[in-house]
Asks: 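Please see the structure below; I have some questions.
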Amino acid sequence: RLSNGTTALMKTLPHAPEWFFQSEAAGLRWLGEVEGGVHVPEVLAVDQECLVIAWVEPGKNGVDAATAFGRALAATHAAGAPELGRDQDGFIGRLPMPNRTAPSWAEFYATRRILPYLKLARDRGAISEDDARTVESVVPRLTDLVPEEPPARLHGDLWNGNVLWGQDPTGGTPAVARVSVIDPAAYAGHREVDLAMLSLFGLPHLQRVLDAYREAAPLAEGWEDRVGLHQLFPLLVHACLFGGGYGARAATTAAKYV
């Protein structure tokens with residue numbers, strides 16, 4: 001609790017990599033620039049050893065909050081960026097995440113998202129050679145599978161655990177529900193990535209979020225068929241971090257696009 005009576009959250013990590021917390025802080029601020037976009041907690045302080053953000057008071061999930069979140073996410077994506085990637089490499093969980101730009105989303109997704117984590121999963125024994133080859137076989141098809149769009153401003157790690165159903169402290173009494181997002185791995189990319197991540201591990205009122213998003217910003221035809229394609233990246237990240245069946249799951253998903 002701070003001297004002014006407000007509450008904050010301090011995040012720490014022993015032996016954090018260089019620029020680990022600064023990268024997260026920069027991502028939060030970048031996402032928070034968008035008027036009408038997704039709400040992010042205010043960054044109060046950051047250094048090499050910790051990140052301090054404003055506390056998000058927990059609230060109940062509900063249809064109205066889900067609707068507002070879908071529209072806000074569409075606004076954040078629409079804010080865009082001049083080019084794919086980000087001016088500095090970042091992190092996804094504890095793993096380094098390359099962000100150097102590329103001329104197309106297909107190339108960026110292949111060389112900055114799928115292939116680096118496929119190699120790491122192989123090196124860590126988190127995916128079999130047969131499964132790795134199945135994932136690899138999708139790469140040459142990306143140009144034909146994914147329609148190009150202007151770069152969207154992405155959260156980058158938008159799974160259920162990084163979506164907080166909270167309260168708007170300015171909403172009066174009773175408190176107004178508000179969805180906040182935390183722990184971004186922010187960069188400019190294809191907007192279907194964030195939507196695919198939301199679908200990967202489930203989200204309360206997900207269909208309402210997607211419906212509201214599409215009302216605000218219609219998606220390219222066939223987007224539902226590409227959800228699995230854009231889930232390959234987080235599945236490979238999970239394989240690198242946690243092993244288990246994530247490598248096999250990535251291969252099963254990739255096989256649908258070969």
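Numbers here are sequence positions counted from 1.
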Asks: For the atom pair OH (Y117) and CG (L236), what is the distance rounded to the nearest 0.5 Å?
Replies: 10.0 Å
Asks: Run the numbers on E49 and K11 for salt bridge (Lys or Arg N to Asp or Glu O under 4.0 Å), then give the verdict.
Replies: CA-CA 9 Å; E49 297 182 353; K11 293 181 60 177; over 6 Å; no
Asks: Salt-bridged, R153 to E33, with N to O below 4.0 Å?
Replies: yes
Asks: Count the heavy atoms belonging to other residues, nucleotides or ligands that lie under 6.0 Å from CD of E18, then report whether that count exceeds 12.
Replies: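 No, not enclosed.
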Asks: Tell me, yes or no, whether the heavy-atom count around W55 atom CH2, taken from other residues, nucleotides or ligands under 6.0 Å, exceeds 12.
Replies: no
Asks: Would you call E136 and R122 a salt bridge, using N to O less than 4.0 angstrom?
Replies: yes
Asks: As an exercise, state the distance from CD1 of I127 to CZ of R133, rounded to the nearest 0.5 Å.
Replies: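 It comes to 10.5 Å.
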Asks: Rounded to the nearest 0.5 Å, what's the gap from CD on Q22 to CD on Q88? Could you check?
Replies: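 Separation between the atoms: 9.5 Å.
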Asks: List the steps, then state whether side-chain contact (heavy atoms from CB on, under 4.5 Å) holds for L195 with L73.
Replies: CA-CA 9 Å; L195 302 182; L73 183 59; 3.9 Å; yes
Asks: Less than 6.0 angstrom separating the ring centers of H190 and F108, yes or no?
Replies: no
Asks: What pair of heavy atoms forms the shortest contact from H205 to N61, and how long is it?
Replies: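 Taking every non-hydrogen atom into account, NE2-OD1, 2.9 Å.
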Asks: Hey, could you give me the CG/CD distance between L44 and E42, rounded to the nearest 0.5 Å?
Replies: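 Going from the CG atom of L44 to the CD atom of E42 covers 5.0 Å.
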Asks: Would you compute the distance between atom OG of S199 and atom CH2 of W159 and round it to the nearest 0.5 angstrom?
Replies: 14.5 Å
Asks: Please find out if less than 6.0 Å separates the ring center of H155 from that of Y187.
Replies: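 For H155 and Y187, the ring centres are not under 6.0 Å apart.
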Asks: Can a donor-acceptor pair be found between the side chains of T6 and N4 at a distance below 3.5 Å?
Replies: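 Result is yes, a qualifying pair exists.
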Asks: Identify whether V38 and L206 are in the same connected component of the hydrophobic contact network (ILVMFWY, side-chain heavy atoms under 4.5 Å).
Replies: yes
Asks: Would a line drawn from the ring center of H77 to the ring center of Y213 be shorter than 6.0 Å?
Replies: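 They qualify: ring centres under 6.0 Å apart.
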Asks: Under 4.0 Å between a side-chain nitrogen and a carboxylate oxygen: does that hold for R214 and E224?
Replies: no
Asks: Among side-chain atoms of E107 and W105, is any donor-acceptor pair under 3.5 angstrom?
Replies: no
